Structure formats: C-alpha cells, structure tokens
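This report concerns only the one structure given below.
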Amino acid sequence: MLDIRFIRENPEKVQQATKDKGYDVSISDLLKLDDERRNLQQQVDELREKRNANAGKMKGGKPEQALIDEGKQIKIELAERETYLATADKEFNDLLQKVPNIIFDDVPVGGEEDSVEIKKVGEQKTGATDHLDFARERDWVDFERGAKVAGAKFYFLKGDLALLENAIYQYALDFVLKKGFTYMTVPHMVNTRTALGAGFAPRGDKEGNEYFIEGEDLTMIGTAEAPLTGYHADEILDEDDLPKLYVGYSPSYRKEAGTYGKHTRGLFRVHQFNKLEMYVFCLPEKSQEMHEKILAIEEELWQSLGIPYHVINIASGDLGAPAAKKYDIEYWSPVDSNYRELTSCSNCTDFQARNLNIRVRRKDGSLETVHTLNGTAVSLARSLVTIIENYQTEDGKLMVPEALRPYLGDRETL
RNA sequence: GGAGAGGUGACCGAGUGGUUUAAGGUAACGGUCUUGAAAACCGUCGUGGUGUAAAAGCUACCGAGGGUUCGAAUCCCUCCCUCUCCGCCA
C-alpha cells in the first residue's frame, strides 16, 4: 500500500496513476475517510486521557464512589466512540488497500499494446517445429497422463527434456550466484497476510490466479516472490546490510483460468512450473539503479544461452498494483515469427515493503520503508519452449546450447 | 496429534491489578580523557497514530484477537508461534 501521508500531499498524482493503471478508486473519497477517521481518533484519545486521569486519582487509598461513577460514565462514552472509530478505520483501510502503487514518469501510459520496445538483440529466424510437436515426437512430455492424474494443463516431463530443465536450472543458478545472490528454497504456501502483502489476489477473487488450501489460511505460491517478500516482514534492517540479494527456487502454481487462446499451447502456459526468481531489498534511492542491474543480469543470462530477444518497458495498464515500473524480456519465436514473454522484472518501490512492515535503520538513526524488486532468472517451462524453438538442427535433433553442456554430461545434441 | 513450559523494545532480561512515564544490562550514537584506540566516566537512545514551523503535549502498543474492571504487561477466553517430552514419520 501507499503511505497515506504521500497521498495527502500528492492526491492528483496518485489519482492519475490509479487511472493510468486501470483501477477505479476515488482518492477524494479516501481522503474524506481519512479526515473522519482522524477526527474520531482525536475524540477517542481525549476520552482515554480523561479515563487515565480519573484512574490515576484512585491510586493507593480506597477509591471514592464519585470517582468510580465518573469512570463508569467515561467507559460508556469511550466504548461508543471506539465502535465508530473501528468502523471508520476499517472503511479507510479497505479503500487504502485498493490504491495501486504510483508509476514512474518514464512508464508508457496505456494498455498492453502501448508497451515500448527499448532494445532488440539477436537474429530473428523463422520456421521451426512447434515445441509441443517436437517434444511429443521424442516422448519428452506427457500432457495426457498429466490430465489423468491432475487435470488439463498439468504434465510430466520425461527423459532428456526433464534433464535439460535441470541443466538450465543448474546453469542459471550458478550464473546468478556469481552475481552475489544468496540461494534460498522457500515455503510453497504462504499465509494470507504474506500473499496480500506481496500483492496477490485474495481468496474469493474471481479473477485471481491462486490456488488455496481448504480449511487453512494458506495460498499456494504463484512465484517465490511471495515468500521472499515476507521473509523480512516486521524487521528493521541495517543500512549496512543492504542491498539483500536473494534468489529463490520453487514451483509456481497458477490457475490461469480463462486464458485459453493465443500462446497457451503446450508448456507455454501451464498450472505448474519451476522458476528461479531474483528478489532484492534495497535502499529507496538505489532501487532504480538496481532495477537496471536486474534487467542486465537477465539479458546477460539469455545472451549467454544464445536466445534472440527484445526488452519492453511495460505500459501502465499492464503493471499490476505493486509495480512502479516493469521490464519484460520477450524471446524471438521462430514458430510464431513474433516475440513471446520470457522473463519479467519489476521495481515495486516501497509498496510491498509497507504492506509487510519492512524498514531500514538509516545511519542517522531514522527509519524508512525499504524498496523491493523482483526479476525472473529462468522460468523453466518457458525456457524449454524457447530452447526447443531456437535450437532445432537440420537432422531433427535438439542442439544443446554450449553453456548448458557441462550440465548435461557434455552432450552436444539431444 | 497428546502433555508441559514459554512469547516483554535492535538484543538480553525484570515485572502476578493502581508510584511502570516498561527497571536493569548489551549494542548503537554523541561527549570527556588519549598521539590514536581500548577501558572508564557523562549524556542520548523503542514503534505507530495525532499534533507542531520545529518541539511540547495527548494516545496506543508487552505474540494476535476478544473479555472482566473505575483502572490490565499483570486476571479470564480463543487462536498463533517457540521450546521440552511422547506419538507418527521421509
């Protein structure tokens, strides 16, 4: 969530960002609730002051009946005001939760089609066999049996394709470790506070992408970003310890309801895939620089795997609530003759960190909410699609990208 | 899952109804002393809300949420978590 003081001081800016992101929240309504709430808070504080003073008079000796009677009267009034305050607080907080993060000035305004390409790398080839046909011919993937044991869009990876997944994972992990990240495995379920704090949809949200555990306060994670965001919840970090660079590995569970259509064939969009995710806690003034660094790591990684791609600066309407700015890397698909999403990295500024109360103690002793960023290192299922599409040989084999060979027993083809 | 013991500020730790505005210590920061450092001594030092030019002031917070009371860190209820033992188990 945003800082209410920031909203009070910048109501137009926040209202504009809310609109640009496609959210329908009235900032003037919010500020009105804020006023009401503060007014009631003051009334309650005054009554409490009276109560405390009254109780103070009774210390020691036996209390006089008159004081006790006055105390009882205050208690009744206070209870009434406190009820009003609780209602006002709830209304206020519910609305504040709905206000999305602001957007940076260099974010293009508009919908998906307004995202701006900022870089293009590699040769755009055309003509390749679709990854699903290619993999099925080799008995590398089994969606039919996935459907039998779980449902549509679940799958088994078999043999060399499963081994290739492991090789990509190992390679990417080594790559990111060299950049100074600390490897973590994470809980695959998070409680509601953590899920909402990281910006994921609540139980009951019809558009939500999450699986929930029945009878428990648990959500299956759609990315390691969720548990990693919560890792430092309610902590005060030392300025000297920042930035904290983590890389989490986990499955990602996603309902993907109603997404049938383009780009859903095979492994491109599935209910469960493994992902290696970078996550950073840093000083507020460093987050923009850090965002560029994360993008640079992603680019370097995919360049080292020889994949053609472009980078896009995501338009406001596609950012989601927590991000102030987001870059996607889209790889070139010779099957589609088009770019398709491969990785994504976001600067969430202090939005997630404020939800989960993650602060930094500055050298001068003051406290400030930290900034958080996240970026995909590799999303494994999509990585397999990418490599199958870009590494087919003339004689119908799959060439192993050179960088991955040490992780596949030095095999050159599969 | 069962039984027991716990949860207090960045950390340790005292505190079983009203002198607690949460003792004391550690760490941190500032100062004295010193060529410099350490030690010693002096001082500052929780978080949120409200308020203010800035302060002061007021208020809340002792795992979370309810309750009892004129008054709750302290008593009662529910839940969460940690530790010890038992059970189950990769």
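Below, read A as the first sequence line, B as the second, and so on, with proteins coming before strands; counting in each chain starts at 1. The structure displayed is predicted, hence computed values, not measured ones. Scope of the values below: all heavy atoms of this structure, side chains included, with no hydrogens, waters or symmetry mates.
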Problem set entry | Whichever of A/Glu46 and A/Asp34 has its nearest RNA chain B nucleotide further upstream toward 5' | A/Asp34
Exercise. Is it true that A/Arg340 and A/Glu330 make a salt bridge, defined as a side-chain N closer than 4.0 Å to a carboxylate O?
Worked result: no
Exercise. Within less than 4.0 Å of OP1 or OP2 of B/U47, is there a side-chain N or O belonging to A/Arg361?
Worked result: yes
For this session: Determine the Euclidean distance between corresponding C1' atoms of B/C29 and B/A23; express it in Å to zero decimal places.
Result: 22 Å
For this session: For the side chain of A/Arg5, starting at C-beta, report the closest nucleotide among B/U50, B/G71, B/G49.
Result: B/G49
Exercise. Does A/Asp45 make a side-chain donor-acceptor contact with the base of B/G49, cut-off 3.5 Å?
Worked result: yes
For this session: For A/Asn52, report the nucleic acid contact type (base, sugar-phosphate, nothing); a contact means any heavy atom under 4.0 Å.
Result: sugar-phosphate
Exercise. Rounding to the closest angstrom, what is the interatomic distance between B/U20 and B/A73 at atom C1'?
Worked result: 10 Å
Exercise. Side chains of A/His271 and A/Tyr211: do they bring a donor and an acceptor to under 3.5 Å?
Worked result: yes
For this session: To the nearest Å, give me how far apart CG (A/Asp240) and P (B/C29) are.
Result: 10 Å
Exercise. When all nucleic acid strands are considered with a 4.0 Å heavy-atom cut-off, which category describes A/Arg193: base, sugar-phosphate, or nothing?
Worked result: nothing
Problem set entry | Nearest-Å distance once atom C1' is located in both B/U69 and B/C79 | 24 Å
Exercise. Taking OP1 and OP2 of B/A10, is either one under 4.0 Å from a side-chain nitrogen or oxygen of A/Arg359?
Worked result: no
Exercise. Between B/G49 and B/A54, how far is it from one P atom to the other, in whole Å?
Worked result: 15 Å
Exercise. B/A14 and B/A22: how far apart are their C1' atoms, nearest whole angstrom?
Worked result: 10 Å
For this session: Answer yes if the side chains of A/Asn274 and A/Glu165 hold a donor-acceptor pair under 3.5 Å, and no otherwise.
Result: yes
Exercise. A/Asp69 CG to B/G71 C1': how many Å, rounded?
Worked result: 15 Å
Problem set entry | Whole angstrom value for the distance that separates P of B/C61 from CG of A/Asp234 | 18 Å
Exercise. What interatomic distance, in whole Å, is found between P of B/A37 and the corresponding atom of B/U19?
Worked result: 45 Å
Exercise. Cation over ring, A/Lys179 on A/Phe175, under 6.0 Å and within 45°?
Worked result: yes
Exercise. Looking at A/Arg362, does any N or O in its side chain come under 4.0 Å of the phosphate oxygens OP1/OP2 on B/C29?
Worked result: no
For this session: In whole angstrom, give me the gap between the P atoms of B/U21 and B/U59.
Result: 11 Å
Exercise. Is a salt bridge present between A/Glu70 and A/Lys50, judged by a nitrogen-to-oxygen distance below 4.0 Å?
Worked result: no
Exercise. With respect to the side chain of A/Ile236, which nucleotide from B/U50, B/A10, B/U69 is positioned closest?
Worked result: B/A10
Exercise. Distance between the C1' atoms of B/G17 and B/C86, in whole angstroms?
Worked result: 38 Å
Exercise. Which one, B/G71, B/U50, B/U59, comes nearest to the side chain of A/Arg48?
Worked result: B/U59
Exercise. To the nearest Å, how far apart are A/Ile4 CD1 and B/U50 C1'?
Worked result: 14 Å
Exercise. Does any donor atom in the side chain of A/Thr229 or A/Tyr279 lie under 3.5 Å from an acceptor atom in the other side chain?
Worked result: yes
For this session: Taking only the side-chain heavy atoms of A/Glu49 (C-beta and beyond), determine which of B/A60, B/U59, B/C70 contains the nearest atom.
Result: B/U59
Exercise. Of A/Lys72 and A/Leu367, whose nearest nucleotide on RNA chain B comes first from the 5' end?
Worked result: A/Leu367
